[in-house]
Colleague: 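For reference, the structure I am asking about is given below.
Keep in mind that the numbers below use all heavy atoms, side chains included, and drop hydrogens, waters and symmetry copies. Each ligand, and each atom within it, is numbered from 1 in the order the structure gives. The first residue in the sequence is number 1, and the count goes up from there.
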Amino acid sequence: MPTITTQATHSNASIMADPNWWRQAAVYQIYPRSFADSNGDGIGDLKGVTARIPYLKDLGIDAVWLSPFYPSALADGGYDVDDYRNVDPKLGTLDDFDEMANALKTAGIKLIVDIVPNHSSNRHQWFQEALASPKGSAARNRYIFRDGLGDNGELPPSDWDSVFGGPAWERITEPDGTPGQWYMHIFAREQPDFNWDNPEVRADFLKTLRFWADRGVDGFRIDVAHALTKNLEETLPTKADLEAQGEALYLAGQHPYWDRDDVHGIYAEWRRLFNEYNPPRTAVAEAWVHADRRARYASPEGLGQAFNFDLLQADFDAGQFRTTIVKNLAEAQASGASSTWVFSNHDVVRHATRYGLPASDPSAGGEIMAGQAGKRWLLAGGRQDDVDVELGLRRARAASLLMFALPGSAYLYQGEELGLQEVGSEIPDSARQDPAFFRNKGVDIGRDGCRVPLPWTSGGSSFGFGPGGSHLPQPEWFAGNSVEAQEGQEDSTLSLYRRALALRRQLQTAETLELLETGRDDVLAFRRPNGWTSVTNFGTESFELPSGRLLVSSSPFKGDLLPGATTAWIQA
Ligand code: NOJ
C-alpha cells in the first residue's frame, strides 16, 4: 500500500510559538451571531465568545475562525459588510474584539477572521457614494456598473444568474430619479461586487488586512477567493455560451468571473504583506474550484492553504473517502501546503443529518454547497422524519474521528461537537433569514438550519444561548444535545471530541500517512508515524481490529471486533 508524505513536520511545541501552527491545526468555526449571547438581545456577540473561552480550551482546539462580525444589515448573515474595519454594534465594539483576542491568546488559541473581498454590502459608504455619483465617475468605478441592453437600457447587461437565484444584475435609479445603470452582484442584490481592476480597491483591502493583523489576528479565511477578478468586455457571453464551453472554460481559467488566473496576482501581494509579520499571518481560501486548480490558491506564494470540500461532498462510503484522501494529500504535497478537511460549516447541511439520509446517486454528479444528499433533503423541505438521526450521528462521529487522524488541518463547525442535527422544517418560513431562501422561494429552504444558536443548557432561556431568546427558533430536541446534557457523560459526542482532540495533539508528528490493507472494501485503515492507527468500518458487518492498544473509538464496543459505522484509534 502507498505511503503518502507531505512536506513539513508539525512541531509539538506550544502552538503559539510555532510558525507552522496552521499546518495541522484543529480550527473551530464560530458563527458569532449563533454562538453565545451576553446581552440578551437574541444575537450572539463577542463578549459571548470571550465568556466561552474556557469551553473552547477544554475542547482542545488550536484556533478559532470567526465568521464575519463586521457592521452589517445581515442581508446575508454578515457576508454583506458595511465597514471592514469595525465591529457590528449588535456584536460589540473594537474594545470587545481586543479583549476577546487577548483572552484567546492567553488561552493558547489562535484567531482567524473572515475577509469578504468579492463584494461589500449595499450600505457600504463606497456603494452609497457610487449611487449618488454620475455614470463613469471614480465612485462608480470601485464597483461593476454597466449600461443595460435594450432600447432604453431596460434589460440587464447579461442573462447571468446570481448564486442565490434571480439575476446577477440590479438596476439603479440615477441621482436625478431616472432609471439608470446596472450593477453586478454574484450573490444577493445587497452584495455589490467590487471592481478589482481598480487600484483603490486593492489598496483598501491591504489596509484592512493590516488593520486586523496589527490587532493580533493570526490568520484570514478568504470568502469566495475565486471570484474577485473579472473579464467583463463590452459584449458579455450568455449563460448558454458559457455552458456550451463546459469544463474546458474553467480549466483554462477563462470564465468571466470564476477562478480566473489573474486572481493570483492579488494573493501574491497579500502574501508579501502576511510575511512582513512574525510569525507570518496565514490564510485559507474558500474557493469552490475544479480540484485541479485548487493548489494555486494553496501555494506558499499565495494564500498558503485552501479548503477542500471533497469529503464534505462524499457519502459515508469507504471508497469515496479513500479516493478523496489519497488525492488531496498528493495535491497538498505538490503545492507545499497542508491539506484541509471539513464536514460541516455555516453553508451546508450538518453532517450528522446528511449521513442519516439515503446516499447520493453517483450518476447525478457532484452537487456543491450541501452534498447531494443534504441538498435533496433541503429541496424536499427538510423534514426530521426523513432522517435516521441515530445512524446519522453514529456515522458523523466515525467520520469526525477519522478526520482528526488525518494529516493536515481539521476545520470544525460550532455544534458538531454536540452532535447537532440540522434544523429543517421546524423553522417556520416567517422566521427564516437566508437570502438563498428568499431569492429562491419555494425551491430550497436555505442554510438557516445549521445556524440555529447553540444549546448550552438543557432548559432555561434559549437553552443557555443568552438571557433574551434566540434570533432563530431552537427546536425542543436541542435540550438533549446541550453542553450541560453531555458534560461528564463518557459516551457523549462532546466527550468524544475532547478525548480525540487531546490525543491528536499528543500523537501528531510528521504529515505522513500509510494506507493499510484491510481485505475489505468497506473498511478504511491508515497508520500515522509512531504506530497511531485509525480504522473505520463504513459497513454493517463487524471487522477484526489489528492488534494494539485501543486509544479511542467513535462508539463504544467490547473486544476486538469493530462494529459497523465506527472508527477506532489503535496504538500499534
Ligand atoms: C461564502 C460564504 O461562506 C457564504 O455564507 C456567503 O453567503 C457567500 N460566500 C457570499 O459571501
Colleague: Which option wins on minimum heavy-atom distance to atom 7 (O) of ligand 1: Asp434, Asp76, Asn118?
Modeller: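 The option holding the nearest heavy atom is Asp76.
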Colleague: Could you work out, for atom 11 (O) of ligand 1, the closest of Asp223, Val116, Ile222 by heavy-atom distance?
Modeller: Asp223
Colleague: Which of the atoms in ligand 1, numbered in the order shown and given with their element, are less than 4.0 Å from a heavy-atom of His119?
Modeller: 10 (C), 11 (O)
Colleague: Please check if the number of heavy atoms outside Gln128 that lie under 6.0 Å from its CD is greater than 12.
Modeller: yes
Colleague: Does any donor atom in the side chain of Trp169 or Ser158 lie under 3.5 Å from an acceptor atom in the other side chain?
Modeller: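 Looking only at side-chain atoms, Ser158 and Trp169 do form a donor-acceptor pair, the distance falling under 3.5 Å.
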Colleague: Which ligand 1 atoms does Arg451 reach within 4.0 Å, using its non-hydrogen atoms?
Modeller: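 Per the distance check, 5 (O).
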Colleague: Could you list which atoms of ligand 1 come closer than 4.0 Å to a heavy atom of Glu286?
Modeller: 1 (C), 3 (O)
Colleague: Answer with yes or no whether Gln29 contacts ligand 1, where contact means a heavy atom under 4.0 Å from a ligand atom.
Modeller: no
Colleague: Does Ala188 offer a backbone N or O that forms a donor-acceptor pair with the side chain of Gln191 under 3.5 Å?
Modeller: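 Side chain of Gln191 to backbone of Ala188: a pair is present.
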Colleague: Are Arg221 and Glu286 within salt-bridge range, i.e. N to O under 4.0 Å?
Modeller: yes
Colleague: Under 4.0 Å from ligand 1, counting heavy atoms only, is it the side chain of Phe164, its backbone, both or neither?
Modeller: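 Only the side chain of Phe164 comes within reach of ligand 1.
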Colleague: So if I count the atoms of ligand 1 from 1 in the order they appear, which ones are less than 4.0 Å from some heavy atom of Arg447?
Modeller: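 Here the atoms of ligand 1 in question are 4 (C), 5 (O), 6 (C), 7 (O).
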Colleague: Between Asp62 and Lys110, does any side-chain N to carboxylate O distance fall below 4.0 Å?
Modeller: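 No salt bridge links Asp62 with Lys110.
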Colleague: Does atom NZ (Lys327) have a neighbourhood of more than 12 heavy atoms from anything else shown, all under 6.0 Å?
Modeller: yes
